[in-house]
Visitor: 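Let me give you the structure first, and then I'll get to my questions.
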Number of protein chains: 4
Amino acid sequence: MKKKRAGKPVPKETDERVRRSKETVLAATYELLTEAGLGGVSVDAVSARSGVAKTTIYRHWPSRSALVLDACSQLGSKREAPNTGSLKGDVTVLVTDLARRLRTARWAGVLPSIIDAAERDPELAELHSRLHAGLMGAFNLAVEQARKRGELPRTQDTSHLLAALVGPLFYRRWFSREALDERFVQSIIESAVAKLKP
Amino acid sequence: MKKKRAGKPVPKETDERVRRSKETVLAATYELLTEAGLGGVSVDAVSARSGVAKTTIYRHWPSRSALVLDACSQLGSKREAPNTGSLKGDVTVLVTDLARRLRTARWAGVLPSIIDAAERDPELAELHSRLHAGLMGAFNLAVEQARKRGELPRTQDTSHLLAALVGPLFYRRWFSREALDERFVQSIIESAVAKLKP
Amino acid sequence: MKKKRAGKPVPKETDERVRRSKETVLAATYELLTEAGLGGVSVDAVSARSGVAKTTIYRHWPSRSALVLDACSQLGSKREAPNTGSLKGDVTVLVTDLARRLRTARWAGVLPSIIDAAERDPELAELHSRLHAGLMGAFNLAVEQARKRGELPRTQDTSHLLAALVGPLFYRRWFSREALDERFVQSIIESAVAKLKP
Amino acid sequence: MKKKRAGKPVPKETDERVRRSKETVLAATYELLTEAGLGGVSVDAVSARSGVAKTTIYRHWPSRSALVLDACSQLGSKREAPNTGSLKGDVTVLVTDLARRLRTARWAGVLPSIIDAAERDPELAELHSRLHAGLMGAFNLAVEQARKRGELPRTQDTSHLLAALVGPLFYRRWFSREALDERFVQSIIESAVAKLKP
DNA sequence: CAGTAAACGAGACGGTACGTCCCGTCTTATG
DNA sequence: CATAAGACGGGACGTACCGTCTCGTTTACTG
């Protein structure tokens, strides 16, 4: 039925209306997510907030999970590795930055609800791992660079190192709810990196 | 109106029905909590599961939060400090035990939902801190003993130490979802304690 | 599980709330019906108009048709036969009255939509025949009395008579939309009854 | 832009596409009308049935009512007066024919929905009166011929006669749903015409 | 041991959200 | 520029729960 121009194999989403609808909806979803958590995101609420009809939302996303998933895709923004020349330098930059984001970023308040949902909803479990990968990507890159510089043996398992670096941050942010101050960050980095050197 | 027995100043809950109802409800609540997370706990669901009428439940607990709180009171079971004679020894026992519990205990799957709710519901925030205190109590005890033995300077802030010890565990349990094996635990302890010695 | 007092076999609708809800809903339905026709009756609209929650409406009526049906049950109010002593006298009273009701009664504007729906929906077809029976009941009674008085032979088929009496009224009310005035009513009665006498 | 043929001041619908679209749409509309009643006619449904896009339909008809109106234009086919030589003869032919059509014609099932809609939609009210005029046209012609023959006084109001003739048919077709058999038709004609003669 | 106050079950009720269907309007792209 | 394709807002559907509430009925304590 539909004939397509030869040189235009997939005119994917050329429709302006679709683009605009999706954008509006995703923005509203993200807003609701950060304001009221995962539980606050209902298709009805998103529709009311965005002004986009429920029908339209269901036209583009099959389920609430899918919508949330999509709205969070912007979250896992890959960080660049800083490349200060030494592993400790890189790590300091990264951990400091992560601490700052855990203090301020709005998604920080939502992560637990996503983690919780991931325990049950496989669709959201995938989101969880994507977010995790996004957050940790820069760390892995820094480690890779350190390997190239010879700071780290090729074979060493660095997952312990990573856990030692970010685990305490997460712990403080959500469990003990103590401050993520400069001294704490420094202390953690010392502990984690100390073991590597000798 | 109400006459009280002399030697029984607080005859609170002499009514057998009340006692039985409460018990049944709390058990059902706890079951639901561990099976379906906080989100799975609703007065409706608890009523259906326990066979106790919704009215009765609301008579004894003012809100869902209060009910959950009550049902979790048994959770924060204070651990004894092991007292092996050295801080590292104690810590090894405690961390190993915590790792084991994170792997197996049913409440481990629920904690994120409680943490999430705590971000918004002050009532559940209190539960959160109680659980946290319960989990960390033994660690604080061990640290205290170490102080008495002179292993640690009186003034040292040990919160960094604790974060370095349990943070990585939490990280692995809920974020990276990697295994909490023996080697990992050992590695973490080394990192955290190393700094203290000199 | 449920134990019932002996002497109270069916405590049918003793609940005041149910009674009030039903009443409110039926009133609103009837209002909507007369204002906007069958098409104007939607469960949503009834809910909005009556203030009764949609859930509650569905609790008491399984479908829109059932609701409309119930709301119309009051419509088919059986008319008494007038008993003036002669068939023509009775018939004059009845036809005059019917003409008046066709002019003024609010349901008159709705009947066509019910007739239409009855062509397709068997549930509403039943309503149609109930309404029809209600409207014609008095006529049949009058005929019966005439038979007893010997004005009509036992065997005569009176359905033709009835059709000749009310048919023209209906025709004028809905098809030609001319006035249902006194002269017309008289004229119709003359035509219909004339044939019987000799 | 548009070039017009010289000798054709009104080149109305020279476009073959338009003609074909209209035809297809009207046919589909009529089909739907007779199958599912007025309620079954929606632009969506017509579009689906005819294969013509909704846009196109709305280009040619401003509203559903207009479309239905157009599709029904063929319905009010004026009947010729039979001219048997006597009023009763003519009327017998006409009523018998009407009865036959009420039994068999597909539009008979639709009329109530049109009548209902006419109560609210003025556009359809016009359709209603056109249909009515079409149906009654032949009767009026027959009456006119009778007047010319002197069978009827010039001044007599014949609307009562017409109502007495067709009213009972309509009543039986839609209200009582009894059969429109030969005996009934004869009986009705007798009643209605009897009064005129003397 | 009778009377009474409470605890209790059953479930009606107002709500919110769900995901679906269909409609009439409006926009975009194709021929 | 007529047309096809289909996105969109809107309204209604009937369902599933939820938390509140109002009942009538047990039941255990009291006097």
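Only a predicted model underlies this, so the values are computations on that prediction, with no experimental measurement involved.
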Visitor: Can you list everything that forms a side chain to side chain contact (heavy atoms under 4.5 Å, CB included) with B/T34? Sequence neighbours excluded, please.
Guide: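 B/T34 satisfies side chain to side chain contact (heavy atoms under 4.5 Å, CB included) with B/Y30, B/R106 once adjacent residues are dropped.
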
Visitor: So which of residues 37-58 of chain A are in contact with DNA chain E, with a heavy-atom cut-off of under 4.0 Å?
Guide: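 A/S42, A/V43, A/D44, A/K54, A/T55, A/Y58 - these, ordered by number, are the residues of the stretch whose heavy atoms sit under 4.0 Å from the strand.
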
Visitor: Given atom CG of B/L32 and atom C1' of F/dC17, what is their separation to the nearest angstrom?
Guide: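 It is 14 Å, rounded to the nearest whole Å.
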
Visitor: Classify the nucleic acid contact of D/S21 as base, sugar-phosphate or nothing, counting any heavy atom under 4.0 Å across all strands shown.
Guide: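 Sugar-phosphate, no base atom in range.
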
Visitor: Find the distance C/K22:NZ to E/dC13:C1' and express it as a whole number of Å.
Guide: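 Going from NZ in C/K22 over to C1' in E/dC13 covers 15 Å.
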
Visitor: Does B/R20 pair with B/E23 as a salt bridge, N-O distance under 4.0 Å?
Guide: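 Not counted as a salt bridge, because no side-chain N and carboxylate O are separated by less than 4.0 Å.
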
Visitor: Could you give the CG-to-P distance, from D/L67 to E/dG24, as a whole number of Å?
Guide: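 Rounding to the nearest Å, CG of D/L67 and P of E/dG24 are 10 Å apart.
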
Visitor: State which residues pass side-chain hydrogen bond (donor to acceptor under 3.5 Å, both in side chains) with D/E126; sequence neighbours excluded, sorted by chain then number.
Guide: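 Listed in chain order: nothing, the list is empty.
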
Visitor: Taking CZ from A/R17 and C1' from E/dT27, how many angstroms apart are they, rounded to a whole number?
Guide: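 Answer to the nearest Å: 4 Å.
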
Visitor: Side-chain N or O of A/H60 less than 4.0 angstrom from OP1 or OP2 on F/dA7?
Guide: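 No, because none of the side-chain N or O atoms of A/H60 sits under 4.0 Å from OP1 or OP2 of F/dA7.
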
Visitor: Using salt bridge (charged side-chain N to carboxylate O under 4.0 Å, His left out) as the criterion, list what pairs up with B/R64, not counting sequence neighbours.
Guide: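 B/R64 satisfies salt bridge (charged side-chain N to carboxylate O under 4.0 Å, His left out) with no other residue.
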
Visitor: So, using side-chain hydrogen bond (donor to acceptor under 3.5 Å, both in side chains) as the criterion, who are the partners of D/S21 when residues are at least two apart?
Guide: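 With sequence neighbours excluded, D/S21 shows a side-chain hydrogen bond (donor to acceptor under 3.5 Å, both in side chains) to no residue whatsoever.
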
Visitor: What is the distance, rounded to the nearest whole Å, between atom CH2 of C/W61 and atom P of F/dT15?
Guide: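 Rounding to the nearest Å, CH2 of C/W61 and P of F/dT15 are 15 Å apart.
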
Visitor: Could you state the CZ-P distance from A/R64 to E/dT16, rounded to the nearest angstrom?
Guide: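 Distance check: A/R64 CZ to E/dT16 P gives 18 Å.
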
Visitor: Start at the 5' end of DNA chain E and walk down; is the nucleotide closest to B/R20 or to A/R59 reached first?
Guide: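 Its nucleotide being nearer the 5' end, the pick is B/R20.
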
Visitor: Listed by chain and number, what are the side chain to side chain contact (heavy atoms under 4.5 Å, CB included) partners of D/R120, not counting sequence neighbours?
Guide: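 So D/R120 forms a side chain to side chain contact (heavy atoms under 4.5 Å, CB included) with D/D116.
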
